[in-house]
2 protein chains.
Amino acid sequence: MAILCGLLTIVRARWLATSISRQLSTSSILFVDVDNLSLNRLYVVQSGRVRSGSDPAETAERKGDMVSIRDVAAHVGVSDKTVSRVANNEPNVSARTKALVEAAIATLGYVPNMGARLVRTNRSGVIGLISDVVSTTPNSVDIIRGIQDRVSTAKQSLLIANTAGAPDAEQRIWRTFQEHRIDGVLFATMYHRRVTFASRPTIPTVLVNCTAADEPGMPSVVPDDYEGGYVAALRALDQGHRKIGFVTLNPKIIAAELRGKAFIDAMASRGVEVRPEWVRAGYLGGIGEEQLCAYDVARDMLQAADRPTVLLTGNDQVAMQCLFAAHSLGMRVPDDLAIIGFDDFQMISAQVIPPLTTVALPYYDIGVRAADRLLAILAGDVSEGGVECLPCPIVIRASG
Amino acid sequence: MAILCGLLTIVRARWLATSISRQLSTSSILFVDVDNLSLNRLYVVQSGRVRSGSDPAETAERKGDMVSIRDVAAHVGVSDKTVSRVANNEPNVSARTKALVEAAIATLGYVPNMGARLVRTNRSGVIGLISDVVSTTPNSVDIIRGIQDRVSTAKQSLLIANTAGAPDAEQRIWRTFQEHRIDGVLFATMYHRRVTFASRPTIPTVLVNCTAADEPGMPSVVPDDYEGGYVAALRALDQGHRKIGFVTLNPKIIAAELRGKAFIDAMASRGVEVRPEWVRAGYLGGIGEEQLCAYDVARDMLQAADRPTVLLTGNDQVAMQCLFAAHSLGMRVPDDLAIIGFDDFQMISAQVIPPLTTVALPYYDIGVRAADRLLAILAGDVSEGGVECLPCPIVIRASG
DNA sequence: TTGAAAGCGCTAACAT
DNA sequence: ATGTTAGCGCTTTCAA
């Protein structure tokens with residue numbers, strides 16, 4: 001094995017050294033180390049190139065070659081403020097001047113400088129996103145999509161930063177955000193949980209997929225895990241199952257707690273008994289260091305003389321492991337055993353055979369709503385407090 | 001079915017309406033719509049609170065309550081510039097004054113205003129990340145992690161934006177970046193491909209996971225797919241397989257092209273025949289609208305009288321489908337059939353039973369290197385052009 | 001409808 | 001080692 005690895009390393013190194021050129025022969029891209037000239041050409045700022053002659057000498061070589069509002073003003077022969085008015089769509093500009101200014105903006109390639117604007121207005125037009133690991137976690141990237149879609153319609157930009165779980169990183173990030181005079185912050189977590197802040201945020205903040213442990217009333221948007229759990233259980237019951245197993249998440253996280261409660265309530269609502277030996281955790285270990293053990297747990301449960309006919313699961317990964325467990329015991333899904341997932345993590349739920357019936361976490365909507373609420377707060381809406389729960393629709397596929 | 005859905009909707013609505021309070025009884029978070037007072041308290045800017053009496057009347061109520069460099073200067077009794085020097089770690093400040101200023105900065109809670117700094121220096125301290133869908137695609141989020149890690153060590157921030165494939169979105173993003181006077185841009189794609197720019201970027205740009213079709217010499221960092229493909233084929237050969245199948249990606253994408261070439265070359269290097277009927281695409285449809293069909297393709301191949309003993313695959317999703325295909329035919333992996341993945345998308349590769357031997361795409365490293373090179377360019381290093389390929393290490397697990 | 005003046009917070013370029 | 005002056009690009013305020 002060690003020998004093999006050594007060999008591979010050598011092979012790899014050899015290929016690395018030469019594969020670039022090979023790659024290029026395939027792709028017809030020339031591999032040349034760009035010389036200074038072409039690099040410079042490549043990066044030269046294009047605006048300012050027109051810079052025509054109507055202005056006095058003073059306007060000559062501005063740093064960074066950036067066209068300023070003054071350049072435009074001089075070009076048209078109006079005041080700075082008039083250009084500013086046009087750029088910001090303010091009233092009180094005659095149609096004629098407006099057209100003239102707009103033409104000049106286009107030909108000169110003027111782009112407003114948000115930094116300068118910030119200095120005057122104290123509004124940066126940027127919203128910050130802090131995530132524990134959300135931006136690097138497949139399940140929840142939809143949150144970011146939702147946020148981005150909403151934020152960009154409000155002509156704001158998104159500055160994102162990752163704590164990667166490190167508290168000192170979080171401090172640094174808040175600091176950076178203050179430096180950039182971020183207008184507002186969205187604080188998102190990878191999974192639904194409670195968070196604690198070292199100090200209460202000094203910037204308007206909306207929590208995404210989490211709630212604040214110490215700050216009741218802090219605006220936050222979370223999935224309705226209770227409802228999702230209830231709907232999943234109902235599905236199993238409605239399909240006629242009475243022997244219902246449940247391979248859960250780490251029972252300590254909020255989502256598991258709420259869904260577990262929902263499971264019990266749903267079962268009770270139909271007078272079906274909850275069998276403790278059929279409710280088992282699919283993960284080992286504490287929060288943040290979970291180890292998947294659903295395969296073994298499921299096999300164990302399914303090999304008993306009296307076994308469940310359907311398995312509810314904590315998430316789609318657990319469901320997938322149950323699927324493999326069923327296969328390994330020669331059971332057919334859903335005929336011999338039904339399986340219901342959670343999350344609708346499509347890379348798994350839609351691609352597994354058979355595809356999973358699963359409860360979808362409304363991550364995209366959560367992102368949109370959270371951004372919505374933050375924007376409302378920034379616009380001065382003062383009533384936007386409290387926890388908001390979004391429903392988790394069930395997605396029916398073949399597994400149960 | 002329609003009835004069921006209707007029922008579920010009603011149930012869901014009912015639960016949504018009431019589950020919030022239920023959720024709270026579990027989580028001990030009060031659900032109160034925060035009143036104006038507490039909201040204001042929550043969001044009041046904390047800095048500026050100390051604002052002690054040594055300054056003249058003029059310093060009274062500044063907008064946004066932000067402490068400026070002038071406040072600090074007045075507090076200590078030095079000039080603005082001296083504070084500026086301390087804040088920027090410039091030389092020529094006596095240890096004594098420096099200590100004094102630092103103390104004042106701390107007590108007043110001064111945070112530099114990057115916008116104002118930008119106006120003078122024309123450097124925003126922000127790097128922009130444009131991605132087609134990378135930030136929302138599981139496989140490649142590691143690219144972002146790498147970029148962030150590298151960028152944050154350089155005390156730069158990251159502004160990210162998603163084109164979601166829409167070309168007009170891309171235009172808007174470049175515009176936004178210009179407005180914020182972004183220092184440099186990282187342009188990342190979800191999968192290794194060639195990109196075309198409407199107009200050549202006006203900001204220093206490094207391509208990530210892609211190469212420019214029209215701009216040779218544009219700096220870019222990509223995985224060495226050829227080498228990865230070669231290593232995968234070698235693994236199969238070294239395990240003694242001679243009947244080697246290959247369920248590929250959409251053959252039109254660069255990665256598939258390069259790996260296919262590598263496969264052929266590797267087979268040739270050992271004098272093993274490539275069987276065309278065993279090389280088949282696991283996806284249907286054009287670029288961007290691929291439909292997974294690996295399950296059917298694999299079953300087809302495996303049911304033939306003469307069948308491969310190992311399946312190389314285009315990615316781990318394809319590998320997973322091959323796994324299901326094998327199971328469905330009662331084959332054991334890896335005994336009856338070995339499977340080798342690609343990408344090392346851990347959510348699948350590590351959690352499937354048996355876990356996948358697979359070739360890892362070095363996304364994290366790609367991110368780091370790309371950021372590296374951009375920072376070098378920004379620092380004035382003019383030699384940083386051309387395509388850079390990073391090796392793809394093989395990860396040995398149980399499947400082959 | 002338009003413009004002039006002032007100044008936001010900061011730093012470059014000089015004094016001292 | 002420290003301060004002064006000026007001005008970055010923009011908007012606010014007020015006057016015309």
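Letters A, B, ... mirror the listed sequences (proteins, then strands); counts begin at 1. The model shown is predicted, which means the values in this text are computed figures rather than measured ones.
At least one donor-acceptor pair closer than 3.5 Å links the side chain of A:D183 to the backbone N or O of A:G125. Panel note: side chain B:T82, backbone B:V78; no donor-acceptor pair is recorded below 3.5 Å. Side-chain atoms of B:S124 come within 3.5 Å of backbone atoms of B:R181 as a donor-acceptor pair (strictly under, hydrogens ignored). The main-chain N or O of A:D80 is never found under 3.5 Å from a side-chain atom of A:S84 such that the two would form a donor-acceptor pair.
Within 4.0 Å (heavy atoms only), B:N113 reaches sugar-phosphate atoms of the nucleic acid but no base atom. Nucleic acid contact for A:P112: sugar-phosphate only, since backbone atoms but no base atoms lie under 4.0 Å from a heavy atom of the residue.
Close to C:dT11, at under 4.0 Å from its OP1 or OP2, lies a side-chain N or O of B:N88. Taking side-chain N and O atoms only, A:R70 has a distance below 4.0 Å to OP1 or OP2 of D:dC8. Phosphate proximity of C:dC10 to B:R117: absent, as no side-chain N or O sits under 4.0 Å from OP1 or OP2. Neither OP1 nor OP2 of C:dC10 sits under 4.0 Å from any side-chain N or O of B:S84. Considering only side-chain N and O atoms, B:S94 lies under 4.0 angstrom from the phosphate OP1 or OP2 of D:dT2.
Taking atom CZ on A:R120 and atom C1' on C:dC8, their separation rounds to 5 Å, with Å as the unit. We find that CG of B:N92 is positioned 16 Å from P of C:dT11, with the value rounded to whole Å. Rounding to whole angstrom units, CZ of residue B:R123 and P of C:dA12 are separated by 12 Å. Computed from coordinates, the B:I105 CD1 to C:dG9 C1' distance equals 14 Å when rounded to whole Å. Nucleotide C:dT2 holds its C1' atom 12 Å from the CD atom of A:E90, rounded to whole Å. The nearest whole Å value for the distance from the CG atom in A:N122 to the P atom in C:dG7 is 17 Å. Straight-line distance from the CE atom of A:M66 to the C1' atom of D:dG9: 12 Å, rounded to whole Å. What separates OH of B:Y110 from P of C:dG9 is a distance of 10 Å, to the nearest Å.
In the set C:dC8, C:dT2, D:dC10, D:dC10 carries the atom at the smallest distance from any side-chain atom of A:I69. When each of D:dT11, D:dC10, C:dC10 is scored by its nearest atom to the side-chain atoms of A:S68, the top-ranked nucleotide is D:dC10.
Residue A:L129 holds its CG atom at 10.0 Å from CZ of A:F187, rounded to the nearest 0.5 Å. In this structure, B:L186 CG and B:L375 CG are separated by 8.0 Å, a value rounded to the nearest 0.5 Å. From B:I69, atom CD1 reaches atom OG of B:S79 across 9.0 Å, with rounding to the nearest 0.5 Å.
Mapping A:M114 and B:K98 onto DNA chain D by nearest heavy atom places B:K98 closer to the 5' end of the strand. Nearest-nucleotide mapping onto DNA chain D: of B:V93 and B:R181, the residue sitting toward the 5' end is B:V93.
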Taking N or O atoms only and anything under 3.5 Å, show me the protein contacts with nucleotides 3-5 of chain D, one pair per line.
| from | atom 1 | to | atom 2 | distance (Å) |
| --- | --- | --- | --- | --- |
| D:dG3 | OP2 | B:S79 | N | 2.9 |
| D:dG3 | OP2 | B:S79 | OG | 3.2 |
| D:dG3 | OP2 | B:T82 | OG1 | 2.7 |
| D:dG3 | N7 | B:R85 | NH2 | 2.8 |

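A donor-acceptor contact under 3.5 angstrom links the side chains of A:R117 and A:N88, judged on distance only.
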